[in-house]
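Notes for the one structure printed next.
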Amino acid sequence: MGRRKENITYPSTTFSTSVREGSIGSGLEFASSLSGQDGGSVGNNVVEHYRPRVAYYMREQAGNFHYGKQHPMKPHRLTLTNHLVLNYGLHKYMDVFEPRRATEEEIREFHAEDYIDFLKRVTPDNQEQMRACFSDFNIGDDCPIFDGMWDFCSIYSGASIEAARKLISGSADIAVNWMGGLHHAKKYEPSGFCYVNDIVLAILQLLRYYPRVLYVDIDIHHGDGVQEAFYTTDRVMTCSFHKYNGDFFPGTGAIDEMGSGLGKFFAVNVPLHDGIDDRSYTQLFKTVMTAVMETFKPGAIVLQCGADSLGLDRLGVFNLSIAAHGECVRFMRHFGVPMMVIGGGGYTIRNVARCWTYETGIVCGTELPSELPNTVYSEFFAPDYSLHPQLSGRVVNHNSRAYLNALTARILEQLRYLKGAPSVQMQEAPPDIQGFLEDQERHDKDVHSDRNKEEKDERASRREHISEYYESDHDQDQEDIGV
């Protein structure tokens, strides 16, 4: 099917627009200002009292990396997303930045020095000579060695660090980095397609200024790397909505994983079964997050928007529509708290691009027309060329109302206990960021010796992560054109 070729100028450096200065008044003016512009237009603007300043981070190079022909992680989804965002005209309502790369010193704020040294040195050309190190650093099918791996890590991590600093400076209310969100990476090793945990690095930046940071994860996989990093602190609450049955990757995220030591009850896990639908998911999300916000009162939010929780995802087993996924973003936005919005999983890349474009519109307070704008990648979205394709119905919903009610009740009880526990005190003064977790643990060791003993007992039997891969009856790789 023939499609008109896009007319697009891809920004190579930082630029901003005057729209943030209030040059557009009414909702009609806001919508009409884009009509007739190259690459599509925006309509049906949502007029709101809260009109956040949005910073958007993109780097063209990020979409050019390649994990391998058969690997489900395809950074090309970033290119598809950015072309849709720009051709919808959303760049006119955001400050768009090309971020710098993270430095080695910045990445060391969380990751171990020997692991960083390995990531910097290993390449496809020398991997045979370094193969003896692979088992030490969890290198394998899920986390292969590919060309430009360190560059990729430093690009997406640099964007998340810059996004966090943008919020701290007060020059943006919402910062978007679809390159980031790689929530499985651990201090000493990669995991689940993730090499550097940009989320942890960003949260450490936010803790320089904000006493409390809330991390919310709507990826289908548990946000284990972030939970593990902040498991013993009360300054970060992690809240993850994910599939859990004990075997599904990463094998963590049971409801009784609540944190330990000072972090007891500050890890909130919402384990779900296959096939959850729009109504059940959004109702559960809003109920839990309302209670979390009232209890924790964060100064900043980091929202991980993994799109593998959509229906028809190559690795996913939920039935969520793009509209329902976006409703979670809309709900968190309405609190008016400084927020980072980042990417994550998502392996049917045409739907990932649709989802993140839609959610970019949401953070800007703008409704996008369903018909996709023309881009050079339009054939990825055939045959419907719609922002909202039908995604539900593939998987039977195994989340009964009784199960969801019991799950909600238990989480609310956890939060009520946290609120009423006299021994749980918020640490208002941010500690020195370098060695944050280690310093905090040493500082509190004498006072909380009994709790630290409990922590060791609870964490002693750490589960080995079981990696799912990507071959299944529902593998849709052949449908992703040109990938």
Side-chain angles (χ1 to χ4, degrees), residues 62-82 84 140-144 146 149 152 156 178-185 190-195 198 217-225 240-244 247-251 272 274-276 281 304-322 324-326 342-359 377 380-382 389-395 465-483:
N64 297 335
F65 294 97
H66 196 248
Y67 277 59
K69 184 177 180 180
Q70 298 300 320
H71 200 286
M73 173 62 96
K74 301 186 185 300
H76 186 59
R77 64 194 183 152
L78 300 169
T79 301
L80 300 185
T81 301
N82 289 330
L84 286 179
D141 288 341
D142 277 6
C143 299
F146 60 89
M149 184 171 67
F152 180 58
Y156 74 74
W178 297 126
M179 296 176 284
L182 279 74
H183 57 173
H184 295 306
S191 178
F193 319 156
C194 308
Y195 296 83
D198 64 290
D217 191 318
I218 58 173
D219 194 292
I220 197 172
H221 300 95
H222 178 232
D224 60 327
S240 178
F241 296 75
H242 51 269
K243 174 180 173 175
Y244 176 79
D247 293 323
F248 190 75
F249 185 84
L272 301 167
D274 291 1
I276 193 165
Y281 191 94
Q304 198 266 21
C305 299
D308 47 6
S309 48
L310 294 173
L312 301 183
D313 186 79
R314 190 177 173 191
L315 297 186
V317 289
F318 285 174
N319 284 321
L320 297 187
S321 67
I322 289 171
H325 199 274
I342 50 180
Y347 308 101
T348 301
I349 66 172
R350 59 187 178 275
N351 294 334
V352 177
R354 286 168 162 133
C355 182
W356 290 348
T357 300
Y358 177 66
E359 290 168 352
Y377 299 105
F380 274 82
F381 308 104
Q390 176 66 34
L391 301 180
S392 63
R394 188 187 81 180
V395 182
H465 291 181
I466 305 171
S467 287
E468 76 184 41
Y469 201 43
Y470 49 82
E471 297 293 347
S472 78
D473 294 336
H474 301 294
D475 194 314
Q476 301 186 18
D477 190 45
Q478 298 302 318
E479 298 178 27
D480 288 338
I481 301 174
V483 181

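In what follows, residues are counted from 1 in the order of the sequence shown.
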Interatomic spacing from [atom1] in [X] to [atom2] in [Y] - rounded to 0.5 Å:
X	Y	atom1	atom2	result
E359	W356	CD	CH2	9.0 Å
L272	S240	CG	OG	9.0 Å
L78	N64	CG	CG	10.0 Å
R77	N82	CZ	CG	11.5 Å
Y377	T81	OH	OG1	11.5 Å
C355	L84	SG	CG	12.0 Å

Is it true that a side-chain atom of [X] and a backbone atom of [Y] form a donor plus acceptor pair closer than 3.5 Å?
X	Y	value
D313	S309	no
N319	V395	yes
T348	R314	yes

Any side-chain donor paired with an acceptor under 3.5 Å for Q390 and S392? yes

For a quick test of reading the model, state the closest non-hydrogen atom pair linking [X] to [Y] and the distance between them.
X	Y	value
D217	H183	OD2-ND1, 2.6 Å
R394	V317	NH2-CA, 4.4 Å
H221	D219	N-OD1, 2.8 Å
G180	D198	CA-OD2, 3.3 Å
M73	H71	N-ND1, 3.0 Å
A307	H325	CA-NE2, 4.0 Å

Geometric class of the Y281/F241 ring pair [parallel <30°, tilted 30-60°, perpendicular >60°]: tilted

Holding to ring-ring contact (aromatic ring centres under 6.0 Å, His included), I want the full list of residues that pass it with H242, two or more places apart in sequence or in another chain. H222

Return the set of residues passing ring-ring contact (aromatic ring centres under 6.0 Å, His included) with Y156 (not counting sequence neighbours), or none when no residue passes. F152

If you take the centroid of each ring, where Trp contributes its six-membered ring, are F249 and H184 closer together than 6.0 Å?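 That pair passes the under 6.0 Å test.
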
Heavy-atom check, side chain of [X] versus side chain of [Y], under 4.5 Å:
X	Y	answer
F193	L315	yes
F318	D274	no
P389	I322	yes
P75	Y67	yes
I220	F248	yes

For a side-chain contact (heavy atoms from CB on, under 4.5 Å) check, start with the C-alpha distance between L310 and L391, then their side-chain angles and the critical distance, and finish with the verdict. CA-CA 7 Å; L310 294 173; L391 301 180; 4.2 Å; yes

